[in-house]
Amino acid sequence: MADPSPLLPVSNSLEPSYSPVPEGAVSAGCPATRLRRSKKVLIAVFSGLLFVSLILATINNNNGGRHVRYHSQEDEDASWATPKEMAKPETLSPAGSRGVSAGVSEKANVNLKGAQVKDYPWNNSMLSWQRTAFHFQPEENWMNDPNGPLYYKGWYHFFYQYNPHAAVWGDIVWGHAVSKDLIHWLHLPLAMVADKWYDKNGVWTGSATILPDGKIVMLYTGSTNESVQVQNLAYPADHDDPLLLKWVKYSGNPVLVPPPGIGAKDFRDPTTAWKTSEGKWRIIIGSKINKTGIALVYDTEDFINYELLSGILHGVPKTGMWECVDFYPVSKTGQNGLDTSVNGPQVKHVIKTSLDDDRHDYYALGTYADKVGKWYPDNPEIDVGIGIRYDYGIFYASKTFYDQSKGRRVLWGWIGESDSEVADVKKGWASLQGIPRTVVLDTKTGSNLLQWPVEEVESLRLRSKNFNNIEVKAGSAVPLELDGATQLDIVAEFELDRKAIERTAESNVEFSCSTNGGASHRGALGPFGLLVLADDDLTEYTPVYFFVAKGNNGSLKTFFCTDQSRSSVANDVRKEIYGSYVPVLEGEKLSVRILVS
């Protein structure tokens, strides 16, 4: 099976439309997260017969992905320190919209915006449960897009869109943290703040490029004092500093302004640069013309002076504004990542865009023509913005970087949580980053990417328990007995009963995770999977499951879904049912990995 993108426990809008879990489902007594009731894991099968093998690894109970704050020499205690107490910002009235009028995508919780829902009576203890253990988060306040990730002098650097004043979008600057393993993070002082006319209204998204001499250049979008989007250059004040604590903005900024025919608020998010066959550096910037999303192409020799190429790298009608564009090569023959400048016959190129209109990240595979600065999709029917997504949950503004230390391409993505803005303000923080993932081409299909959590996540495992060859009959839920754990790393394989497949009638009925009633929709070959974060009385639980459809020609089509209809009893939380088709080749088993943080 082509490994599905790991759907992490994020969040979520549909009224619960659930059939009850079959009678006889008993508690496993497994406290799987830091919630008020004990949680457990159940194997649930509503139809068919299958055999299951699982490994459940217990992850460090004591905040496996520990974050610490950097103290400068001026601080009283210049040392590694535990996080400070979470700030308690005063309650704000929820805004109808955030970000759109400034010229970026909607940052408010659009699924709850304007909804007539009563605020859930959260208290501080309840809200503290929502803090994740090993996903990246700032200590307090608002975070969104990942910016300029890179590996430099033994440290992974992560920059991010950050509001230092509140747990809502606004006053955006660049936060900065470093890590030795992409899991444990040291929070550093702000990298760049909005202190120039060309970024007065926001230091927005950008990307890093490491030059052949090892020096770094950073291109980023600034929103000017007149709210015009321009591109700016910055670089480290001291390249000998492995922590890159201080950054200098180029005195001649901005280096790029919107070209003729491009709107003042439709020109943002420059990519990492790559070398052309002529030895120049090339970048793309997201934009649109009417409702056609496009990627503009610029060449430069010094990152100060630029040439706009005629035409565009690529564009797709009716996709709207392209933001947070990304462009990188993947190998057709190997499993290693590639430097962004690699090109040739053994390479495909990925274009990814974040669609302003629907706030999802789409990618497509194709061929890059270096000489003319064009990219052509392998399959126009699944072109950028109308085909495949990185992730079918909440995952946006993603960015990859080439990790030269391990020869891999790593993907970061922003997860905007499902809470109401009122709840965010009460808890004092909002948003997290998805677990960083490696990205490679699925060389078996040649038509999609494979994503997997970085190997460093496995270092958090303390112990594991195997469950082999569990037979699960239709209409049953089997509890898994575990010792106490606050985080889990679950790996499971499912094997359908061949006789059940043969007995299943063929059908031309279409299936969709989001529109077919969630885990309550019964079919001949599904749903089957795991009930995660299930409490003792099954008031709250999250099914993560497969559904297999048998077509008129006898072929099987597999879907991988998550149903959050009963993930929380809170009424001011978005609860979605999402997922997608996943390619499964002959002889492959159905496997899933779930990280519970």
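Residue numbers run from 1 in the order of the sequence given. Computed over heavy atoms, backbone and side chain alike; hydrogens, waters and symmetry mates excluded. Every value quoted in this text rests on a predicted model; they were computed, and no experiment measured them.
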Visitor: Any luck finding a side-chain donor-acceptor pair between T292 and N290 under 3.5 Å?
Guide: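 On atom types as modelled, these side chains do not qualify, holding no pair under 3.5 Å.
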Visitor: What is the distance from atom CE of M192 to atom CD1 of I172, rounded to the nearest 0.5 Å?
Guide: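 One gets 13.0 Å once the value is rounded to the nearest 0.5 Å.
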Visitor: Would you say the side-chain atoms of S597 pair up with the backbone N or O of A133, donor to acceptor, closer than 3.5 Å?
Guide: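 Yes: the side chain of S597 pairs with the backbone of A133.
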Visitor: Assess the side chains of Y396 and E323: does a donor N or O sit below 3.5 Å from an acceptor N or O?
Guide: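 On atom types as modelled, these side chains qualify, holding a pair under 3.5 Å.
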Visitor: What residues form a salt bridge (charged side-chain N to carboxylate O under 4.0 Å, His left out) with R389, not counting sequence neighbours?
Guide: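 With neighbours one apart ignored, the set is empty.
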Visitor: So, do W274 and I284 sit near enough that their side-chain heavy atoms are less than 4.5 Å apart?
Guide: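 Yes; the side chains approach each other to less than 4.5 Å.
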Visitor: Run Q161 and N147 through side chain to side chain donor-acceptor pair (under 3.5 Å) and show every step you take.
Guide: CA-CA 7 Å; Q161 298 283 276; N147 293 157; 2.7 Å; yes
Visitor: Given the rule in the side chain to side chain donor-acceptor pair (under 3.5 Å) test, do S431 and E417 qualify, once you have shown the distances and angles that lead to the verdict?
Guide: CA-CA 5 Å; S431 301; E417 296 171 280; 5.2 Å; no
Visitor: Please state whether the rings of F136 and F158 are parallel, tilted or perpendicular, taking 30° and 60° as the class boundaries.
Guide: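 If you compare the ring of F136 with that of F158, the planes turn out perpendicular.
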Visitor: Is the W281 ring parallel, tilted or perpendicular to the F303 ring (thresholds 30°, 60°)?
Guide: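 Taking F303 first and then W281, their aromatic rings sit tilted (interplane angle of 30° to 60°).
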Visitor: Distance from S447 atom OG to D378 atom CG, nearest 0.5 Å?
Guide: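 Going from the OG atom of S447 to the CG atom of D378 covers 9.0 Å.
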Visitor: Could you tell me whether a side-chain N or O of Y156 sits under 3.5 Å from a main-chain N or O of I183, the two making a donor and an acceptor?
Guide: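 Answer holds: no.
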Visitor: Below 4.5 Å, heavy atoms only, C-beta onward: do E226 and W197 meet side chain to side chain?
Guide: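 When only atoms from C-beta onward are counted, W197 and E226 do not touch, as no gap falls below 4.5 Å.
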Visitor: Should the ring pair Y390 and F395 be called parallel, tilted or perpendicular, given that the plane angle runs from 0 to 90° and is split at 30 and 60?
Guide: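 The arrangement is perpendicular - the two ring planes meet at more than 60°.
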Visitor: Side chains of Q130 and W429, heavy atoms from C-beta outward: is any pair under 4.5 Å?
Guide: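 Sidechains of W429 and Q130: in contact.
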Visitor: Any non-hydrogen side-chain atom of M143 less than 4.5 Å from a side-chain atom of Q433?
Guide: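 With C-beta onward as the side chain, the pair touches.
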Visitor: Got a sec, which pairs hit side chain to side chain donor-acceptor pair (under 3.5 Å) with one end in residues 211-220, sequence neighbours left out?
Guide: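 Pairs touching residues 211-220 that pass the test: D199-Y220.
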Visitor: Would you say the side chains of S223 and W204 form a donor-acceptor pair under 3.5 Å?
Guide: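 Distance-only check fails for S223 and W204.
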Visitor: Do V228 and V257 touch side chain to side chain, with heavy atoms closer than 4.5 Å?
Guide: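 When only atoms from C-beta onward are counted, V257 and V228 do not touch, as no gap falls below 4.5 Å.
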Visitor: Mind running side chain to side chain donor-acceptor pair (under 3.5 Å) on D361 and S354 for me, showing each step along the way?
Guide: CA-CA 4 Å; D361 277 22; S354 303; 2.7 Å; yes
Visitor: Do the side chain of D383 and the main chain of I386 share a donor and acceptor less than 3.5 angstrom apart?
Guide: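 No, the answer is negative, given that no donor and acceptor are paired below the 3.5 Å cut-off.
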Visitor: Please tell me if the side chains of V350 and D326 come closer than 4.5 Å, counting only heavy atoms from C-beta onward.
Guide: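 A side-chain contact is absent here, since even the closest heavy-atom pair is not under 4.5 Å.
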Visitor: For the pair T300 (side chain) and D302 (backbone), establish whether a donor and an acceptor sit closer than 3.5 Å, ignoring hydrogens and angles.
Guide: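 It does hold such a pair.
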Visitor: So Y162 and Y160, would you call those rings parallel, tilted or perpendicular, with 30° and 60° as cut-offs?
Guide: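 Y162 vs Y160 ring planes: perpendicular.
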Visitor: Can any side-chain N or O of Q404 pair as donor or acceptor with the backbone N or O of Y151 at less than 3.5 Å?
Guide: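 Checking the backbone N and O of Y151 against the side chain of Q404, a donor-acceptor pair under 3.5 Å is found.
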Visitor: Side chains of R282 and T276: any donor to acceptor distance under 3.5 Å?
Guide: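 No, no side-chain donor-acceptor contact under 3.5 Å.
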Visitor: Do R409 and T340 make a side-chain contact, defined as non-hydrogen atoms from C-beta onward lying under 4.5 Å apart?
Guide: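 The answer is yes; the side chains approach within 4.5 Å.
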